[in-house]
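Accompanying notes for the structure given below.
These numbers were taken from a predicted model, which means no experiment stands behind them.
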Amino acid sequence: TNPVAWLRTRFYYLLIRLYFDPEFSVEEFTRGAKQAFSVVSQLLSERKLDLLDGLVSAEVLQVLKEKVSSLSDNHRDALAADIDAIMYTTEGDVRIYYDDDGRKFVSILMRFWYLNGANLPDEVPGETKVFQIVFGDESTKEKRHLLTANYEFQREFTEGAKPDWTITRIEHPRLLE
């Protein structure tokens, strides 16, 4: 990670604790984000989009309904990330902003790298073949792909607002475009 970006995100986390939520913990947020990513990606893969209501914003849900319906089964399977298959997670951009009505928001972009055994063609750009595992003999190979996803989480911190994080952006490069 870029040291300047790392310091900037830590500064924003300090501002969140000082001005919005004294109980905010980066570790706890990351744990929750990983769990949310796993659940949402599984629901996307299974085309259970109605269950995403409340987890993702209405705008994102509408876009997902259009995109997921046109995916091949293999690409749809590649969306699913089991929580134990998440290899690496990092924060992207952290933003604190106010809208025209004075409402306060915090937005955190999380990047996930996960292993998936979907049957993707070798020429899919943007994904990386990590390794092949051989179980038993040479004829039994299990191929895994290292895939990436970006999920943006937003929470409104205006007094009286629900204390829930909502996913406001979902990107699975080369899979969900």
Run the side chain to side chain contact (heavy atoms under 4.5 Å, CB included) check on L44 and L52 step by step: do they pass? CA-CA 8 Å; L44 284 173; L52 295 176; 3.8 Å; yes

How far apart are the C-alpha atoms of R47 and V68, what are their side-chain angles, what is the distance that settles it, and do they pass the side chain to side chain contact (heavy atoms under 4.5 Å, CB included) test? CA-CA 7 Å; R47 289 187 176 139; V68 170; 3.7 Å; yes

Derivation and outcome, side chain to side chain contact (heavy atoms under 4.5 Å, CB included), residues V94 and F11: CA-CA 10 Å; V94 178; F11 176 71; over 6 Å; no

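The shortest non-hydrogen separation linking R17 to F24 is CD-O, 3.2 Å. Nearest heavy-atom pair, R155 versus P163, reported as atom, atom and distance to 0.1 Å: NH2-CB, 3.3 Å. Scanning both residues, A33 and M110, for their nearest heavy atoms gives CB-CG, 4.0 Å. Residues S57 and T166 share a closest heavy-atom pair of N-CG2, 3.5 Å. Smallest separation of non-hydrogen atoms from D101 and D99: N-OD1, 2.9 Å. In terms of heavy-atom proximity, A78 sits nearest to L147 at O-CD1, 3.5 Å.
Taking CG of L64 as the reference point, atom CG of L176 lies at 6.0 Å (rounded to 0.5 Å). Atom CZ of R31 and atom CD of Q35 lie 10.5 Å apart (nearest 0.5 Å). To the nearest 0.5 Å, atom CG of residue L109 and atom CG of residue D93 are 6.5 Å apart. Annotation: the span from T9 atom OG1 to N2 atom CG amounts to 10.0 Å, rounded to 0.5 Å. Note: K34 NZ to T89 OG1 = 4.5 Å, rounded to the nearest 0.5 Å. Atoms OG1 and CZ, from T168 and F153 in turn, are 9.0 Å apart once rounded to the nearest 0.5 Å.
Remark: the backbone N or O of S41 is not paired with any side-chain donor or acceptor of S45 at under 3.5 angstrom. Although no hydrogens or angles enter the test, the distance criterion places a donor-acceptor pair under 3.5 Å between the side chain of S38 and the main chain of A81. Side-chain atoms of T158 never come within 3.5 Å of backbone atoms of A161 as a donor-acceptor pair (strictly under, hydrogens ignored). Formation of a donor-acceptor pair under 3.5 Å by the R144 side chain with backbone atoms of N116 is not found in this model.
Using the six-membered ring where Trp is involved, F105 and Y97 have ring planes that are parallel, under 30° apart on the 30 and 60° scheme.
None of K104, K162, R103 except one satisfies the salt bridge (Lys or Arg N to Asp or Glu O under 4.0 Å) rule with E156; the exception is R103.
A salt bridge between R10 and E91 is present, with a side-chain N of the basic residue lying under 4.0 Å from a carboxylate O of the acidic one. In summary, E152 and R95 engage in a salt bridge, as defined by a charged side-chain N under 4.0 Å from a carboxylate O.
For E46, the CD atom is densely surrounded, since the number of other residues' heavy atoms within 6.0 Å is greater than 12.
In this structure, the ring of Y114 has its center less than 6.0 angstrom from the ring center of F37.
Note on V40: it does not cluster hydrophobically with V63, by side-chain heavy-atom contacts below 4.5 Å among ILVMFWY residues.
Considering only heavy atoms from C-beta on, I108 comes within 4.5 Å of Y13 through its side chain. For the pair L115 and L146, the minimum side-chain heavy-atom distance is below 4.5 Å. Residues L71 and L175 form no side-chain contact, since every pair of their non-hydrogen atoms from C-beta on lies 4.5 Å or further apart.
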